[in-house]
Amino acid sequence: MADTVATAGAGGSGTRSGSKQSTNPADNYHLARRRTLQVVVSSLLTEAGFESAEKASVETLTEMLQSYISEIGRSAKSYCEHTARTQPTLSDIVVTLVEMGFNVDTLPAYAKRSQRMVITAPPVTNQPVTPKALTAGQNRPHPPHIPSHFPEFPDPHTYIKTPTYREPVSDYQVLREKAASQRRDVERALTRFMAKTGETQSLFKDDVSTFPLIAARPFTIPYLTALLPSELEMQQMEETDSSEQDEQTDTENLPLHISTDDSGAEKENTSVLQQNPSLSGSRNGEENIIDNPYLRPVKKPKIRRKKSLS
Amino acid sequence: MPPTGFEPARMNRKKGDKGFESPRPYKLTHQVVCINNINFQRKSVVGFVELTIFPTVANLNRIKLNSKQCRIYRVRINDLEAAFIYNDPTLEVCHNESKQRNLNYFSNAYAAAVSAVDPDAGNGELCIKVPSELWKHVDELKVLKIHINFSLDQPKGGLHFVVPSVEGSMAERGAHVFSCGYQNSTRFWFPCVDSYSELCTWKLEFTVDAAMVAVSNGDLVETVYTHDMRKKTFHYMLTIPTAASNISLAIGPFEILVDPYMHEVTHFCLPQLLPLLKHTTSYLHEVFEFYEEILTCRYPYSCFKTVFIDEAYVEVAAYASMSIFSTNLLHSAMIIDETPLTRRCLAQSLAQQFFGCFISRMSWSDEWVLKGISGYIYGLWMKKTFGVNEYRHWIKEELDKIVAYELKTGGVLLHPIFGGGKEKDNPASHLHFSIKHPHTLSWEYYTMFQCKAHLVMRLIENRISMEFMLQVFNKLLSLASTASSQKFQSHMWSQMLVSTSGFLKSISNVSGKDIQPLIKQWVDQSGVVKFYGSFAFNRKRNVLELEIKQDYTSPGTQKYVGPLKVTVQELDGSFNHTLQIEENSLKHDIPCHSKSRRNKKKKIPLMNGEEVDMDLSAMDADSPLLWIRIDPDMSVLRKVEFEQADFMWQYQLRYERDVVAQQESILALEKFPTPASRLALTDILEQEQCFYRVRMSACFCLAKIANSMTMPVAMALLRDVHNLCPKEVLTFILDLIKYNDNRKNKFSDNYYRAEMIDALANSVTPAVSVNNEVRTLDNLNPDVRLILEEITRFLNMEKLLPSYRHTITVSCLRAIRVLQKNGHVPSDPALFKSYAEYGHFVDIRIAALEAVVDYTKVDRSYEELQWLLNMIQNDPVPYVRHKILNMLTKNPPFTKNMESPLCNEALVDQLWKLMNSGTSHDWRLRCGAVDLYFTLFGLSRPSCLPLPELGLVLNLKEKKAVLNPTIIPEAIAGNPEAAVNPSSHAQLVGFQNPEDDHLAKEAACNMSAHQQGVKRKADTPLGSPLEPGQILEKNEDSSKVKLKIRFSNSQDEEEIDMDTVHDSQAFISHHLNMLERPSTPGLSKYRPANSRSALIPQHSSACDGTPTTKPPWSMELTRKGTGKEQPPLEMSMRPAAAAPLSVFTKEPASSKHSDHHHHHHHEHKKKKKKHKHKHKHKHKHDSKEKDKEPFAFSSPASGRSIRSPSLSD
């Protein structure tokens, strides 16, 4: 206990000297925070069983603690702003802690540890008085591990919940109705947005906003958009469509058919080739694959052999 | 139109039909087409052709070929330079100066112009002179090889370039080019004999960018890189003799798909569309199998290619061993609505491969056989694929179409015979165009022609049985394939041509039946039959007294004599009766089999053997007749109006199993809006086994009935509501749209959604408007607001998630136009105009243009009409141009009998120009312009034009004054004799005396129609000896020879526009050189003027036998003078009348003059100028010179299309 006093005393002296040096309120605030942190560090050290500590090491630890807390604050603020709020909530802090590698689950047990030291509340010069115009119900008292100088719980209606159980809507008609209107609203919102952001045409000269039509825009290759299914549709096709695949494999499983046809083609081709003896050399050795003239490799130009016409 | 002198004789010979007789003095056996360079940037093509021909007459000295647009650099025959002339009278049908604006005049002139270059009459635009060195060679009938170097720059027709303006190489951009055209249009992209009857074997070579593929006819024998490896050459051989008109080409960066079922079949499509191509063509092999099976004949070519291209001219075009399709026929597996349509196109093109490509036709008048057979076997395919119901429905639809068209326009003639001069009657005098040539036909007429052809083929089948029919086809095919394998016996190749008589002979050989009456009725004669039927039941005799009347006096009808089947459904069953329709008998007694009886409950046997229970309470207690049908098998091309009681129609609808009968009864029930009709219709509608098309029409009929019964409840079920649309209907449709959810559907619902928008549009009724208030948002009807909301959303969603072929956009545009038209939304074409721009999908453009056309009509907007006309002239897509004309014709801003502020002189001139010269590159377009002109102004001079200067004119023939025919509508049309008979015209010219000349100013104007006819012959007579009555194009071209004459105090001072003169001289001198065989071309060109002029007197006397030396152009001159100058001058001419010649004879001759001309030729040749020479020279002419050379001034061809003779130096 004496150590504690000693450290506290050391802290106290620091404050005093600081207050002497500057009377700036910001600095004051800074120093006060610093002093509180020093007290915290000292008490933690005492809790950990230290009897005394060098001033420099206390300072370092204080510095570390301050950085840590600042980081929690900064990070929590970002999280809360990310979700479009201005006041951080508990979950922001939790996420922050998790993010910083802190095991949050251990926190309650730590808070309720038996050997913990209670630090006296820092002196508050002028506590802001919250106007209590409307009080509803009795505020919950602090649990034992929370120091009493911490703010009170808010009004019970802000956190008390009464769970009720209702049948989920499964009526087909209602669901269809809902889905349809939702879809419609989404579509309308989307198209209106597109219309707002781009060029529009209107059916009414006097009013261009009630029925905005996205302006017609010519395409360089119009048939592509007109004929190809959209990506969305392609996706759906892939999802719903396994039968198509079967069909395709079916077509490949028709060796009989193909081979007969192929031989027909072959005959035809050879008859053509007989008339063009110059070509017969071109296709020997590619019998196994489909023989289609458009699939044959393009020939290199012949070396100065005049083509004879006729 | 006047037939040229030798034509009738040939035609007659052809009719005699001992095989095919070529109109040409040579036989083409082989042709090489080589295109070495294709430039997509400049849209140009460079290449050469080489034709191997065998002369069939000893004195062959001129060879006529077809060529349009092509710039010809050089012609060599057997390696010797040959002179040639290029003259295309179709470029500008009537000449600029002509103030004629009546369509009759134009149609005659156009038909004459087409005749003048018609390969089926042995004519052509390109006339090549055989070099004298080869004459001996020719006399021995030895082979000639004609080598022509040509290029093509920015072709407007024949070849179509599609070059998207994006980044990248041409291949990356998807640039492609393909051949297209209506009927024989190959001459647009290379010189050839552009006839379906001149067959030869082909070697085709195309050198293209290495990233591109050239697809053409026949077998691809090899593909070879050029030396720089940046291009490759595709070598094709087509060993089956084929007409040039069936040659085609498509070049582009195509994706290649070898058909998995038939490896000799290859499919091509534009980049990125391969998956669609796979799906679309996956069915083709079944069509192949079907045709090969029914025809018991293998597909005649060794390979087949399908190419799918953008901006197609027509959806389907069949060429030898290759078909070109519109890329818009491609579809993915999700699109089921398009599938049957695309398959029909594939089947159609394949049918034409057999009949149309492999088997070609002898002449234009045999076209119906080919179209008929291919249409008929396509019908058989349809029956097999889509079922009998669909087939019968289709036949009924086609029948209704042709009947409606013929009754409207007055007849479609399948086999026109243009015989000798005696037949003065034009077989198609009811039409505003000539049917002598495919190129003068209205597109709609041609469509109907094809429709009638296949229906008639079906009639023949009815007569001789399908088995015999298929045997005939097989016979034609096997004859042709035997002939085609005769490689070196080109005279055998004519077996591959089908003629009407050959076809009929086959039929009689195979079937042993005489179908001559049938042919006479439907093929040699135009018109359909119109029956009116009614009946009475005679209870005493138990006889049905049927009365069948015919209307054969209205236009488009003909009298039918022969058997007619009537089916009577009685209580005891269905009975067929065959009546003989004869001249006088109208009444037919048909004995009934059953006694009328009511009480016995017995099933009633139907035609198909089925027995059904019927509720007979509705029928007449005394009569056993349930219903009667006339010609149930549609074995006559007819329209039947039959009267029977409503309950009979209702029975027919419910119990007759034939879809055609059901449709007929639905149509008839429209006139009986009773609850019983409604019940019959709703029963059919709800009956799911019933053919869906019948149910659909029942639905529409129900709407009509419901309207006339004013039962809103019934209407709520329907989409098609006309009077006031009840709220329930709208809510219903809106709910359909709202709750439509297609997410789990494997197939696209775009067509369904489009239909629903159409339904919304249908529900729109005219706005109640007070004092024409301006339409604003505030006074928008709440229902319309809901509709607009939907349309806006759909149209906007289309921009984000476009539907297949933009069907939804199309429907939205239509719906918006409906809203505008009904006064809910301010009428404004701006939106449509933006959607009509090039770059939108073609279906959208057409829909938007349709709205603009409608706007033009409703709002009488001159500005929009101009905008449309501008598009007709300048749009890059030929199909769109054609379609605008077509839509304007269908929905004209005004018609000939209507007063309209739009109808003014400028518009007449504009349209006249459009059809006269603006559309010379596309037959279809030109005929479309003619149709539009006809719709707007009729056959005679448009009423909005000021009257011609002189109301009274002299009829030179009868020497009396008559009212100017241009004022009397159709007067000139009614007097075709003069136009037809050239000799009468020649006389007319011959007998003119100077006085007449001056009095006949206007007459000359009117006569120029006739002269036009003469001129056409004169234009091309290079090869043929001049005929009597033929005046070498002097008198007519008045209009061209711009003679500005100032008769100032009868002092002769004339200014002659030399641009025409020197050309005409070149032309004529060339003619003369050619006629005079012994001269060498090189010499003749520099021959002094007098030696040429020495020829002329003989020539002129030979040609027209006119004793007078009067320059024939004097008549024209006077006309010109009056036309241009003020009336007083006309009067002042009278004194001078006595000596019109003296006016000219005073001028001194100058030999320099002719030298001057030669000089010009030279220049032209070097510069390779286009046909029109713009430089004008004012030149003083001397009469002496003129006396010697009367032709010098008479150039008709001048300034048109004459290329000055290009001779080798």
Side-chain angles (χ1 to χ4, degrees), chain A residues 176 179-180 184 187-188 190-191 194-195 201 203-207 210-216 218-230 232-233 236-237 240-241 244 251 257-258 261-262 264-265 268 272 275-276 279 282 290-296 298-302 309-310, chain B residues 30 32 50 164-166 174 203 219-227 232 237 239 256 258 260-264 266 272-273 276 302 310 327-328 330 332-334 738-739 741 746 748 776-777 788 792-793 795-797 799-802 804-806 816 825-826 831 834-835 837-841:
Chain A
R176 273 300 287 274
R184 205 178 166 78
E187 284 185 4
R188 183 173 310 153
L190 180 62
T191 52
M194 295 299 289
Q201 290 164 316
L203 298 173
F204 295 91
K205 288 248 157 51
D206 54 336
D207 186 332
T210 312
F211 297 110
L213 297 173
I214 301 174
F219 298 92
T220 42
I221 303 183
Y223 60 84
L224 287 181
T225 44
L227 301 179
L228 286 173
S230 66
L232 188 79
E233 287 173 315
Q236 286 169 8
M237 267 230 295
T240 47
D241 192 76
E244 190 79 4
T251 65
H257 193 110
I258 287 178
D261 261 4
D262 207 15
E268 232 99 48
V272 170
Q275 292 155 17
N276 305 285
L279 295 169
S282 73
I290 299 173
D291 180 53
N292 181 289
Y294 294 94
L295 301 183
R296 286 177 211 153
V298 182
K299 291 184 199 164
K300 298 268 153 48
K302 286 166 212 154
L309 306 164
S310 74
Chain B
H30 184 72
V32 178
E50 189 180 82
S165 54
V166 276
K203 169 89 180 75
D219 295 293
L220 175 66
V221 287
E222 58 176 349
T223 317
V224 186
Y225 277 116
T226 53
H227 286 279
K232 45 189 185 180
M237 289 283 279
T239 50
I256 300 170
V258 176
Y261 297 89
M262 305 168 290
H263 292 173
E264 60 273 50
T266 322
Q272 302 182 47
L273 300 176
L276 307 187
S302 54
D310 190 24
T327 196
N328 303 335
L330 294 174
S332 68
M334 288 171 65
K738 189 172 168 187
Y739 297 121
D741 185 351
K746 187 176 151 183
S748 167
T776 57
L777 261 179
L788 258 183
T792 311
R793 193 169 53 84
L795 196 53
N796 285 340
M797 277 308 284
K799 301 288 189 312
L800 308 173
L801 292 171
Y804 176 71
R805 292 189 75 159
H806 296 294
I816 290 173
V825 171
L831 178 77
S834 71
Y835 277 98
E837 289 300 331
Y838 180 67
H840 286 284
F841 187 66

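Please read all numbers here as calculations on a predicted model, not as lab measurements. In what follows, every chain begins at residue 1, and chains take the letters A, B, ... in the order their sequences are listed. The analysis underlying the following values was restricted to heavy atoms, covering all of them including side chains, and did not include hydrogens, waters or symmetry mates.
Taking A/Pro218, A/Pro212, A/Ala179 one by one and counting their heavy-atom pairs under 4.5 Å with chain B, the maximum is reached by A/Pro218. The residue among B/Ile816, B/Leu276, B/Leu330, B/Leu220 with the most heavy atom pairs within less than 4.5 Å of chain A is B/Leu220. Between chain B and the options A/Glu187, A/Arg188, A/Met194, A/Gln201, the largest number of non-hydrogen pairs under 4.5 Å is found for A/Glu187. The candidate from B/Val258, B/Val166, B/Thr226 with the greatest count of non-hydrogen atom pairs under 4.5 Å with chain A is B/Val258. With chain A as partner, the option from B/Asn328, B/Ile256, B/Thr266, B/Leu795 having the largest number of non-hydrogen pairs under 4.5 angstrom is B/Thr266.
Of all heavy-atom pairs spanning A/Val298 and B/Val224, the tightest one is CG1-C, 4.0 Å. Of all the heavy atoms in B/Phe841 and A/Pro222, the pair that sits closest is N-CB, 3.7 Å. B/Tyr225 and A/Pro301 get closest at one heavy-atom pair: O-CB, 3.3 Å. When all heavy atoms of B/Lys799 and A/Ala215 are compared, the pair lying nearest together is CE-O, 3.6 Å.
Inter-residue side-chain proximity for A/Arg296 and B/Thr223 is flagged as unmet; no heavy-atom pair is nearer than 4.5 Å. Looking at heavy atoms from C-beta onward, B/Gln272 lies in side-chain contact with A/Leu224 at the 4.5 angstrom threshold.
Expressed to the nearest 0.5 Å, how far CG of A/Asp291 lies from NE2 of B/His263 amounts to 10.0 Å. Atoms CG and CZ, on B/Leu788 and A/Phe211 in that order, are 4.5 Å from each other to the nearest 0.5 Å. Distance check: A/Thr191 OG1 to B/Leu801 CG gives 11.0 Å after rounding to the nearest 0.5 Å. Rounding to the nearest 0.5 angstrom, the gap separating the CG atom in A/Leu228 from the OH atom in B/Tyr804 is 10.0 Å.
For B/Asn796 (side chain) and A/Ile214 (main-chain N/O), a donor-acceptor pair under 3.5 Å exists by modelled atom type.
Using bins of under 30°, 30° to 60° and over 60° for the plane-to-plane angle, the ring pair B/His840/A/Phe219 lands in the perpendicular bin.
At a 4.5 Å heavy-atom cutoff, the contact between A/Leu203 and chain B is made by backbone and side-chain atoms alike.
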